[in-house]
Trainee: 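One structure follows; several queries about it will come next.
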Number of protein chains: 2
Amino acid sequence: MNLRQLADSLGLSMTTVSRALNGYPEVREETRARVLAAAKAANYTPNARARRLATGRAMTIGHVVPLTGREETVNPIFADFLAGAGEIYAREGYDLLLSMVGAEETATTYRNLAATGSVDGVMVQSPRIVDDRIPLLQELKIPFLVHGRTGEYTTYSWFDVANIRAFRRATDFLLDLGHRRIALINGQETLDFAARRRKGVEDALQERGLPSRPEWMHQGVMTEQYGYTTTHAMLAMDPAPTAILCSSIIPAMGARRAIAEAGLTLGRDVSVICHDDALSYLGNDALTSPQGPPFTATRSPIRAAGRRCAEMLIALIREPDQPPLQELWETELTVGRSTGPAPAT
Amino acid sequence: MNLRQLADSLGLSMTTVSRALNGYPEVREETRARVLAAAKAANYTPNARARRLATGRAMTIGHVVPLTGREETVNPIFADFLAGAGEIYAREGYDLLLSMVGAEETATTYRNLAATGSVDGVMVQSPRIVDDRIPLLQELKIPFLVHGRTGEYTTYSWFDVANIRAFRRATDFLLDLGHRRIALINGQETLDFAARRRKGVEDALQERGLPSRPEWMHQGVMTEQYGYTTTHAMLAMDPAPTAILCSSIIPAMGARRAIAEAGLTLGRDVSVICHDDALSYLGNDALTSPQGPPFTATRSPIRAAGRRCAEMLIALIREPDQPPLQELWETELTVGRSTGPAPAT
DNA sequence: TCGCCCCTCCAAAGCGCTTTGGGTTGCGGC
DNA sequence: GCCGCAACCCAAAGCGCTTTGGAGGGGCGA
C-alpha cells in the first residue's frame, strides 16, 4: 500500500492525503479523520526512503564509536550511552546509524556520512587532545555534538562532565584521609578526558606540596586486566601506594582483584576511588549492601549523559544556525566501602 | 555536486555516468576512466537517499537490542557483538540501524522497520523460550537471523552456540574434581539460552544421580551485583555449595567479590566456572598471568559470533529464497585459576 | 554496397513521497 | 449581483538516483 493507492481509495489527491497525515492545516478536520481512519485500516506507513529523499532530511543520527587499542576495545560506557541517546531518538522520530571503526578510519567515516547524506547530524565521542574530527565536521557543515571536549572549545557544541574537578575532589578526599602515596590508573592520556583527570589529580597533589610520582601514574586502555596488572605491579613496589584512583569502575575491579590476591583488604590496607559511569550491569549502588556501595566513586550516569547529548544534538539539527550549545555537568562523590584512613605505617 | 552536474561537466548522460560508476559493462573503459577521474576530482559521492529510493534497497540492517529487567539493563555482550557485525557490514557496504527498546516494544519496532522499508533485514537477539518475534518476522517477510534459537527452529535461520553441551561439560568438569554441591547463577530463564544452560547442568547432575537443589539454582539479570548477592547468600547456607557455575563473566566477578569478602579463596574453598564471551574490556586470557586465565570458563568469543551472524544475514538478504541457514558453534573449555578439587569437608 | 550485430551511449520513465503554485467553492460585505 | 477572501483541495514538479528501451555508428561478412 502506497500513498497513491491510499489516495485513490479515498477519492482524494496524494497532496491532501499527505497533508492530512502530516498534520498540515490546509485540510478539513473531517477529511483528516477519514484519511487517518483509512490509513489505519489499510495499515499504511509512508515509505521512509521516499520520504527521506523528498524532504531532504535523513531523520537519522550517526554515532561513530571509535574502537581503541590493539584489541579494538569497545569503550564499555558506550552501550549505556547509546541506550540513553536511543531513548530520545525514538521519542523524536530519529533513527540511529551506528558505525564502529578504528580510530584512524573515523574521519573517513564522517566524511562518507556527510557526502551520502545518510545522517542529519553526528555524535562525536572520546575526543582526543588534538582531534581533527572537529575541524573536519565544521568544514563538512554537518551538525555535530561532542561528548567531551578538546582544543578551542568555544567554537563548537559539546557536553562534558567536570573531569578536572571530579578527580581533584577525589584526590582531596584521599589526602584528607591521610593518604600520601596516591596512584592513578587512567585511561589513555591522548584522550582529552583522561588528560583532564590527570590534571585534577596533579593539581590536588601540588596544592599540598606533594609530587606526582611517575611510577604511580599509569595510563592505558581501561580493561579489567589492565587494572589488575597495574595494581599488582604497584603493590610489589617499596613503598607501595596506599590509595589508587581509577578512571573507570572496570580497571577498579581489576585493582580489587589484585588487592585481594595480595592478601590485602580493600578500604583498609589500600583505598580505591574510581569514576563510576553507572553502567547498568556493573552497578555500584548501595541497594543491596547496607554498608554502602562497594566503591567510593565520582559518579555521573552515562545513560543520562546519552539522553542529554541526544537532546542537544537534535536541537542543533533543528536550528543549525544557533550559537554553540555547551553544557558541563558536575559529578557526585559517593562514599563507599573501598576507602578508609591511610594505614599507620 | 550531484549526478546531473557531474554528467553535464563530462558531456555525458546521467545514465552513462551512473553505469560507469557502478561497474556496468555497457560503457567503454576509456569513458569509465574519465568518469571515475572526474568523480574523484569533484569529490562526488552518490546521494544515498536517492539511491535507496531508486534501487528499493535500504542497504541497511536493523539490530533491535532488547533492554531487560526493571533497570533496562543492556546485555553487556551486545557491544562486542555489534563491533563484530559492524566490521562485516562496513566491508559489504551496509549501514547499521540500531534500536534499543524494552522487550515489550520490540515487536512494534520490527513492524515499523518493515513497514517503512528502512532496513533490508534484521538481527534478532536474546530469543525467549516462546518468542513471538519469529512468527512476526516470517509474516512480515523480512529476512532475519536469530542469534540464539527457540521453538520450532527448523523453519528459520539462526546462529547459536552449543549451550547445553557447554554447561554439561563444565558441570562434568566440576564433578570430576569431586564437587557435589554445585550451584548455578544463570541468566533469566525465560531466555532460551539460559534455559539450555540450566538443562546442561541438570543433565550432568542427573547422570551421576545427583539432585539439582532449587536453593542453588538462581536466575536473574546478569549484573555484577546479582552475582555478588546471590553468592553471598549461598555462602551463608549450611551446607554451602563448593562450586558455582555462572552464565557470564560479569556475575562471576560478583561471585568472586563475595567469596573474597567471606574470607574464602577462589579455586580452593569455592570453585567458579563461567561462560566467557571474551568481552574486550573484561579479558580472561592468560596473557598477563602465567598461572593461566583468572576464570575457568566455557569460551566463545561474542565478537566472532557477531561477524558470522552478519555474514549469514547478508547472505539471506542477497538470496532470500534459499532454505534456512543454521549454524551451531561449540564452546571451548579453558581451565583457569578459579577451579580446584572439592575441599575435603 | 548492403545489412546485421555489437559496442556505446542516451532520453525518459520510474522509485514514493513532499511541496509549490494554483484552482474551486461558498460566504459575507457592499 | 459582484468582488474578495477563506477554506479546501488538486496537478504537477521536484528530490537524485537507477534502469528500461532504444538510437547511432562502426566493423564485418556476404
Side-chain angles (χ1 to χ4, degrees), chain A residues 1-36 38-39 42-60 93-95 112-120 318, chain B residues 1-39 42-60 93 95 112-120 318:
Chain A
M1 170 67 77
N2 61 22
L3 186 62
R4 147 148 289 123
Q5 291 162 10
L6 182 61
D8 287 354
S9 80
L10 279 160
L12 288 169
S13 74
M14 288 165 64
T15 309
T16 304
V17 175
S18 171
R19 282 180 170 156
L21 293 175
N22 292 310
Y24 284 85
E26 304 94 331
V27 56
R28 207 189 337 170
E29 277 315 315
E30 183 199 318
T31 311
R32 188 191 305 282
R34 255 182 72 214
V35 171
L36 287 173
N43 215 343
Y44 169 77
T45 315
N47 180 302
R49 292 193 297 265
R51 186 198 279 241
R52 290 186 225 267
L53 178 58
T55 60
R57 277 170 289 135
M59 289 311 282
T60 301
Y94 282 88
D95 281 338
N112 241 295
L113 288 177
T116 60
S118 3
V119 299
D120 298 321
R318 292 199 176 135
Chain B
M1 171 67 76
N2 60 21
L3 186 61
R4 146 149 287 123
Q5 292 162 9
L6 182 62
D8 287 354
S9 81
L10 280 159
L12 288 169
S13 74
M14 289 165 61
T15 309
T16 303
V17 175
S18 171
R19 283 179 169 156
L21 293 175
N22 292 311
Y24 283 84
E26 304 94 331
V27 57
R28 211 194 330 176
E29 278 314 316
E30 183 198 318
T31 312
R32 187 191 307 280
R34 255 181 72 213
V35 171
L36 287 173
N43 215 344
Y44 169 77
T45 316
N47 181 301
R49 290 193 298 265
R51 187 196 278 241
R52 289 187 227 265
L53 178 58
T55 59
R57 277 170 289 134
M59 290 310 282
T60 301
D95 282 339
N112 240 295
L113 288 177
T116 59
S118 3
V119 299
D120 298 322
R318 293 200 176 133

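Note on naming: letters A, B, ... go to the chains in the order of the sequence lines (proteins, then strands), and numbering restarts at 1 for each one. Because only heavy atoms are used, hydrogens play no part in the values below, and waters and symmetry mates are left out as well, while side chains stay in. On a predicted model such as this, the values are computed, not experimentally measured, just so you know.
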Trainee: B:Asn2 and B:Asn47: side-chain contact (heavy atoms from CB on, under 4.5 Å), yes or no, with the steps?
Mentor: CA-CA 8 Å; B:Asn2 60 21; B:Asn47 181 301; over 6 Å; no
Trainee: Measuring from B:Asn43:CG to B:Leu6:CG, what's the distance to the nearest 0.5 Å?
Mentor: 11.5 Å
Trainee: Near DNA chain D, which residues from residues 27-34 of chain B have a heavy atom under 4.0 Å away?
Mentor: none
Trainee: Produce a footprint string for nucleotides 15-21 of chain C: one letter per nucleotide, 5' end first; B if the base is under 4.0 Å from any protein heavy atom, S if only the sugar-phosphate is, - if neither.
Mentor: BBBBBBB
Trainee: Please classify the nucleic acid contact of A:Gly117 as base, sugar-phosphate, or nothing, using heavy-atom distances under 4.0 Å.
Mentor: nothing
Trainee: Is there a side-chain contact between A:Val17 and A:Leu3 in this structure, where contact means two heavy atoms from C-beta onward sitting under 4.5 Å apart?
Mentor: yes
Trainee: Return the CE to CZ distance between B:Met59 and A:Arg49, rounded to the nearest 0.5 Å.
Mentor: 12.0 Å
Trainee: What's the separation between atom OG1 in A:Thr45 and atom CG in B:Leu113, rounded to the nearest 0.5 Å?
Mentor: 11.0 Å
Trainee: Can you tell me how far apart CG (B:Asn22) and OG1 (B:Thr55) are? Round to the nearest 0.5 Å.
Mentor: 10.0 Å
Trainee: What is the distance from atom CE of B:Met14 to atom CZ of B:Arg19, rounded to the nearest 0.5 Å?
Mentor: 12.5 Å
Trainee: Please give me the minimum heavy-atom distance between A:Val27 and A:Arg32, naming the atom from each residue.
Mentor: CG1-NH2, 3.2 Å
